[in-house]
Structures are given as C-alpha cells and as structure tokens.
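Worksheet: one structure, shown below.
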Amino acid sequence: MDDTVDPNCVSNSIQVARLLESVCRLPGRGLHLYGFFAGMYYVGMRPAEVIHLEKVQCRLPSSGWGLLNLKGGVVTSGKEWTDDGAVHEIHSLKRRAAKATRPVPIPPVLVRILRDHIARFGVAADGGIFQNAAGDYIDTAPRPAASPGGAPGKPHSPWTSTR
C-alpha cells in the first residue's frame, strides 16, 4: 500500500484562499467558521482539535509567529454511545499518552485570524474558541432532523450540534 500523498489531490494555496473567502461570504455562521477552517489549513489541525481549542492553549502575539498547545479533540459519539449520556466526548491526542500535549507553531496569518476571531466572537464559558450559535460544540457530522411527523428528515447542518 502506498501511503504517500498525491500532490494533485491536495488543495493548493490559491484554492484554499478561495475556499476561505467563500466561507466568509456564507450567510449566518460563515464568518465564524473562517477561523475554524483556517486552523485546519494553516497547521493541519483535525476538526476535533479545532473544536476543542481553548483560548488558554493559544499564544497569539501582536506580531510574528504564535503557538497552539493542542491537548486533544471533541468527538461526537451520540448519547447512546457514551458512559455519561453526553453527545460529545473529549479524546486525547491520537497515538499519545492521555495527558500529552502537542505544541504547534502557527504562522502570523493564523495568529491574526485567531486574534480577530476572539475579538469579534469572544469565547465560550469553558474557554472554547469555536462554538455554534447557541455557544455549544460545533458538530462536524450531519444528523438527521426530525420531520413534523417525527420521522427522520433532511440532515441538520454539520455545524450546529450542542456542548
């Protein structure tokens, strides 16, 4: 099995810039999700790591490079699959000890994006930087919506779950 990444299948900087610009123009939560997707692009964070990112994990200087001290991610499991009945579980970093952290240098462009995001949207009560409109965890997987008759309908937006 070949584990190499085919460069023809990876977005280039021009494509990603267009994607991020398009996210900003989305009605509703678009501008809020700009920083979310920028984190995945600029430093290769997993969606679960971006969801779990807290302000205390960030060193965001007024200029130059910054640092994120990643400590895990938030995974949507569903109430029926967790010990405590919560929809989400906090997981440690992949292939690391449970309390391990991973320092990640971040380029000045992402420092500015995160500083602007925090200034514009603030942080959740638990210090989380990215949350849905209700202040809960963002969900990266669509869930079936209940139709008026109670039967599953169209999926919810993948960015609208709860903390």
Side-chain angles (χ1 to χ4, degrees), residues 10-11 13 15-79 81-143 155-163:
V10 178
S11 302
S13 60
Q15 291 169 322
V16 172
R18 289 178 50 207
L19 169 75
L20 292 174
E21 289 171 14
S22 296
V23 168
C24 286
R25 290 193 303 269
L26 290 172
R29 305 284 294 156
L31 194 54
H32 184 272
L33 294 173
Y34 172 67
F36 182 90
F37 288 111
M40 289 191 292
Y41 171 66
Y42 286 111
V43 293
M45 295 172 72
R46 294 177 176 92
E49 293 171 332
V50 182
I51 293 168
H52 191 49
L53 187 63
E54 297 173 352
K55 187 175 178 183
V56 297
Q57 297 172 256
C58 305
R59 282 194 231 150
L60 305 172
S62 56
S63 66
W65 284 72
L67 183 77
L68 302 179
N69 195 30
L70 303 180
K71 60 181 183 178
V74 173
V75 178
T76 304
S77 302
K79 295 179 199 180
W81 301 104
T82 60
D83 293 334
D84 62 0
V87 175
H88 299 93
E89 289 184 323
I90 308 291
H91 285 220
S92 59
L93 294 168
K94 285 192 171 186
R95 298 180 186 87
R96 305 227 181 182
K99 296 196 183 251
T101 60
R102 178 169 55 106
V104 179
I106 61 172
V109 64
L110 184 56
V111 170
R112 284 190 301 278
I113 290 169
L114 292 176
R115 285 175 63 91
D116 291 348
H117 178 90
I118 292 167
R120 173 172 282 154
F121 299 105
V123 296
D126 65 358
I129 293 177
F130 298 101
Q131 62 269 341
N132 68 15
D136 299 323
Y137 286 128
I138 292 172
D139 191 350
T140 59
R143 296 175 290 118
H156 284 287
S157 162
W159 312 107
T160 58
S161 186
T162 60
R163 238 188 189 102

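Hydrogens, waters and symmetry mates are skipped; everything else that's a heavy atom, side chains included, is used.
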Atom pair CZ (R25) and CG (L20), whose distance is rounded to the nearest 0.5 Å: 11.0 Å
Considering only residues two or more places apart or on different chains, which pairs with a residue in residues 52-67 satisfy salt bridge (Lys or Arg N to Asp or Glu O under 4.0 Å)? E54-K71
Are R46 and E49 ion-paired here, with the side-chain N under 4.0 Å from a carboxylate O? yes
List, one per line, each side-chain donor-acceptor pair under 3.5 Å for residues 109-122, sequence neighbours excluded.
residue	atom	partner	partner atom	Å
R115	NH1	L60	O	2.6
H117	NE2	I129	O	3.1

S13 and Y41, any side-chain heavy atoms less than 4.5 Å apart: yes
Qualifying residues under side chain to side chain donor-acceptor pair (under 3.5 Å), relative to N69, sequence neighbours excluded: T101
Under 4.5 Å between any side-chain heavy atoms of L53 and F130, yes or no? yes
Which atom names give the shortest non-hydrogen contact between M45 and L68, and what distance separates them? SD-CD1, 3.7 Å
Ignoring hydrogens, what is the shortest heavy-atom contact between V43 and P105? Give both atom names and the distance. CG1-O, 3.5 Å
Search all heavy atoms of P61 against all heavy atoms of G66 and return the closest pair with its distance. CD-CA, 3.7 Å
Inter-residue atom distance L19.CG - F37.CZ, 0.5 Å rounding: 7.0 Å
Taking all non-hydrogen atoms of both residues into account, name the closest pair between P107 and Y42 and its distance. CG-CB, 4.2 Å
